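One structure below.
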Number of protein chains: 2
Amino acid sequence: MTVEFKHQTTVTLAEVAEAAGVGESTVSRVLRNHGSFSDKTRERVMAAVERLGYVPNRIAGTLASNGSRLVAFVVPSLSNIVFPDVLRGASTILEENRYQAVFSVSDYDPHKEEALTAAMLAWRPAAVMVAGYEHTDGTIKRLRASGCRIVELLDVDGDALDMAVGFSNRAAGRQSAAFLLKRGYRRIGYVGHDLNRDTRAGKRFSGFCEALAAGDATLADREILAGASSVENGRLGLEQLLARSADLDAVYFSNDDMALGGYFHCLARGISIPSQLAIFGYNGLDIGRVTPQPLSTIRTPRVETGKVAAQLVVNNSPSQVVDLGFELIEGATA
Amino acid sequence: MTVEFKHQTTVTLAEVAEAAGVGESTVSRVLRNHGSFSDKTRERVMAAVERLGYVPNRIAGTLASNGSRLVAFVVPSLSNIVFPDVLRGASTILEENRYQAVFSVSDYDPHKEEALTAAMLAWRPAAVMVAGYEHTDGTIKRLRASGCRIVELLDVDGDALDMAVGFSNRAAGRQSAAFLLKRGYRRIGYVGHDLNRDTRAGKRFSGFCEALAAGDATLADREILAGASSVENGRLGLEQLLARSADLDAVYFSNDDMALGGYFHCLARGISIPSQLAIFGYNGLDIGRVTPQPLSTIRTPRVETGKVAAQLVVNNSPSQVVDLGFELIEGATA
DNA sequence: CTGAAAGCGCTAACAG
DNA sequence: CTGTTAGCGCTTTCAG
């Protein structure tokens, strides 16, 4: 099939106006259902729109009205289900309100985040959604200067630039440690991924250590893997950790992907869970509920975070921090 | 913290021009690095840009130049990692080329896809990316009329509207059946999710049955679950299937999420794999490589699909279909 | 209830 | 190499 792809002449509002025998502003009013016009006018306009196959140009509309309905997301990763969940939640709300979601991926790199944020701002979005509170000065400066709404997602441990929606990672870490201590575990290890980049995982880890200390315990050993979290790294990490510290009775993982890897390692090696080794994760992924033993973890409201964040933007709400909390899932692996 | 959020006065290109003591078009040329200008002019412009904190307005630029760098994605789902993988692949290429990705989620609903596509078109994107070939007449009509590039993703079994990037789902289904037959399985069942909505899964299934027939075999039984694919549905589906047909020696799943559920069911029930029951999936998710027994499946190039699709758009390539193929992973579950 | 006219901020000829 | 001048397609006063 060969098709011509030079920009084909598109129908404009002016042509609709002419075809309907009314003024341009009338067409505009009818289409946006704003201002007043007679039923008869309305019908004539809609007929012309239909007949000509008119598609309004939102680029032009945005420029003229100086108010965009684009919402920009700069997410650190799309490699696990966490941010897709947030996007999915947000998109349901945005779509209902004729907003459009725009995104880019920073790979957990703060400088890339700055560059992408700057690029996003050129589209004059109504709001920019970013992950967490840790940003370069440049990102913060640009965001502030832009005058658009800012929502920081999935964290509430810090000072919001404008709005924030999420939960406390530090508290999640603390609660995880408290749970393990209550269960009687004492030789506790940690398997995590790059904490400098994923600062929320870092906060969970420090909350975890904090609560251990409060319970007169300390972390027995830890294994930090370079790079992103993954099931594979979790499995590898646990293997390496146990090679050094065979006597651990529980391991806290930086998230469920990592924890599943650890779980698989135990299954493969015949390490019985939780009697020989307990496993605890973070996120509450669906898959963790269906493993032979449900994963002990903390469930986070990711889809809800997206929804609430989007709703705040749509409503043009005042600056605020919304703590959605989380839920500890006892599971069967700890 | 209280901040004012009324639209703050933004710096415009005209102000930069004035501050730099040059004409507007000169600033425009320098900023886009297009056309000619002296080094001295360039420096003065950049200094003014820096001093005023100028952020170009791409909305205005797009309107003036009649050529947008928005790329629209209408994806059926963000609930598993498949489409996030595609988006991630595409976004790397798009970001390198100053394009912006825009998305919405159709929930595998063709009518929602039509509505979302129509809404997208109002932003005058350079291209629209949709999943597969099955669309309503309305979607096709609008897409065609828009004159923008169209890329159909993750399938090559059909006639492309313009461009398509993916692989043959039908061939994947056939190859899966051939593999199971070659391995000697004969009492083969199927566990799948809603095939009317996920037409690519439907094509795999029909390819699978086709190859069974070619090998003088037939499907022994099937269990189709309503709703989306999930690990939970996979586990449930296998349980129900085995309740009816305990004598199956292999089960083909609609994708890896479903297959993992089946795998977990077997682990939980002490059904030994693959001697008692073989399991075969589709997608080649990373997690399937790390389970105690690696999952037998077909690996699809999802990230690559996104990259190639984006590159075709960036290059404004002629209409074409790119078949990226797939790879059968023998694994250890079949 | 409706139309005319003035932009929104930028790019793209077109002269110089 | 650079400035001037028209728009891009729409929204928004402001009169009628």
Side-chain angles (χ1 to χ4, degrees), chain A residues 7-45 48-49 52-70 98 121-126 146-147, chain B residues 6-46 48-49 52-70 98 121-126 146-147:
Chain A
H7 267 289
Q8 70 189 63
T9 51
T10 13
V11 183
T12 67
L13 183 143
E15 301 177 70
V16 174
E18 173 150 33
V22 301
E24 298 188 27
S25 47
T26 300
V27 177
S28 177
R29 285 187 206 103
V30 171
L31 257 26
R32 285 175 302 130
N33 196 30
H34 180 279
S36 49
F37 41 81
S38 69
D39 275 1
K40 201 183 115 214
T41 301
R42 189 197 137 78
E43 277 163 33
R44 292 175 60 187
V45 168
V49 163
L52 301 181
Y54 173 65
V55 178
N57 184 332
R58 290 252 249 163
I59 295 283
T62 300
L63 181 61
S65 69
N66 190 31
S68 118
R69 289 197 175 214
L70 291 173
R98 297 184 14 94
L121 258 13
W123 291 100
R124 298 294 188 271
S146 75
Chain B
K6 55 184 170 195
H7 267 290
Q8 71 189 64
T9 51
T10 14
V11 183
T12 67
L13 182 143
E15 301 177 70
V16 174
E18 173 150 32
V22 301
E24 299 187 27
S25 48
T26 300
V27 177
S28 177
R29 285 187 206 106
V30 170
L31 257 27
R32 285 175 301 132
N33 196 30
H34 180 281
S36 49
F37 40 82
S38 70
D39 276 1
K40 202 181 114 215
T41 302
R42 191 197 135 79
E43 277 163 31
R44 292 175 60 188
V45 169
M46 294 315 281
V49 163
L52 301 181
Y54 172 66
V55 178
N57 184 331
R58 291 252 250 163
I59 295 283
T62 300
L63 181 61
S65 71
N66 189 31
S68 120
R69 289 196 176 216
L70 291 172
R98 298 186 9 97
L121 258 11
W123 290 100
R124 298 293 189 270
S146 75

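Sequence lines set the chain letters: A, B, ... in the order given, protein chains first and strands last, and positions in each chain run from 1. Remember, predicted model here, so these are calculated numbers, not experimental data.
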Can you tell me how far apart CG (A:L70) and CZ (A:R124) are? Round to the nearest 0.5 Å. 12.0 Å
Give a yes or no on whether A:E18 atom CD has more than 12 heavy-atom contacts from other residues, nucleotides or ligands under 6.0 Å away. no
Short side-chain N/O contact to C:dT11 OP1/OP2 from B:R32, under 4.0 Å: yes
Rounded to whole Å, the CG-P distance (A:L63 to C:dT11) equals 12 Å
With a non-hydrogen cut-off below 4.0 angstrom, is B:S36 in contact with a base, only sugar-phosphate, or nothing? base
Could you check how far CZ of A:R69 sits from P of D:dC10, rounded to whole Å? 17 Å
Which whole-number value in Å describes the distance from A:E15 CD to D:dG9 C1'? 11 Å
Any donor-acceptor N/O pair, B:S28 side chain to B:E24 backbone, under 3.5 Å: no
D:dG9 P sits how many Å from A:L52 CG, rounded? 15 Å
With respect to the side chain of A:R29, which nucleotide from C:dG3, D:dC10, C:dC10 is positioned closest? C:dG3
I want to confirm an ordering. Mapping A:H34 and B:G21 to their closest nucleotides on DNA chain D, which one lands closer to the 5' end? B:G21
Between the base of C:dG9 and the side chain of B:R58, is there a donor and acceptor pair under 3.5 angstrom? no
Could you tell me how far apart A:E24 (CD) and D:dT12 (P) are, to the nearest whole angstrom? 14 Å
From C:dT11, D:dG3, D:dT11, nucleotide with atom closest to B:L13 side chain: C:dT11
Judged by each residue's nearest nucleotide on DNA chain D, which is more toward the 5′ side, B:R124 or B:K40? B:K40
Give a yes/no on whether any side-chain N or O of B:T41 is located under 4.0 angstrom from OP1 or OP2 of D:dT2. yes
Does B:S25 have a side-chain nitrogen or oxygen under 4.0 Å from the phosphate oxygens OP1 or OP2 of D:dT2? no
D:dT2 P sits how many Å from B:R42 CZ, rounded? 12 Å
Quickly work out the B:F37 CZ to C:dA12 P distance and round it to whole Å. 14 Å
Would one find more than 12 heavy atoms of other residues, nucleotides or ligands at under 6.0 Å from atom CZ of A:R98? no
Interatomic distance where OH belongs to B:Y54 and P belongs to C:dC10 [whole Å]: 3 Å
Is A:S38 near enough to C:dT2 that one of its side-chain N or O atoms lies under 4.0 angstrom from OP1 or OP2? yes
Nucleotide nearest A:S65 when distance is taken to its side chain, options C:dG3, D:dT11, D:dC10: D:dT11
Does any N or O donor sit under 3.5 Å from an N or O acceptor when you compare the side chain of B:S28 with the base of C:dA12? no
Side chain proximity check, A:V22 to A:V45, heavy atoms < 4.5 angstrom: yes
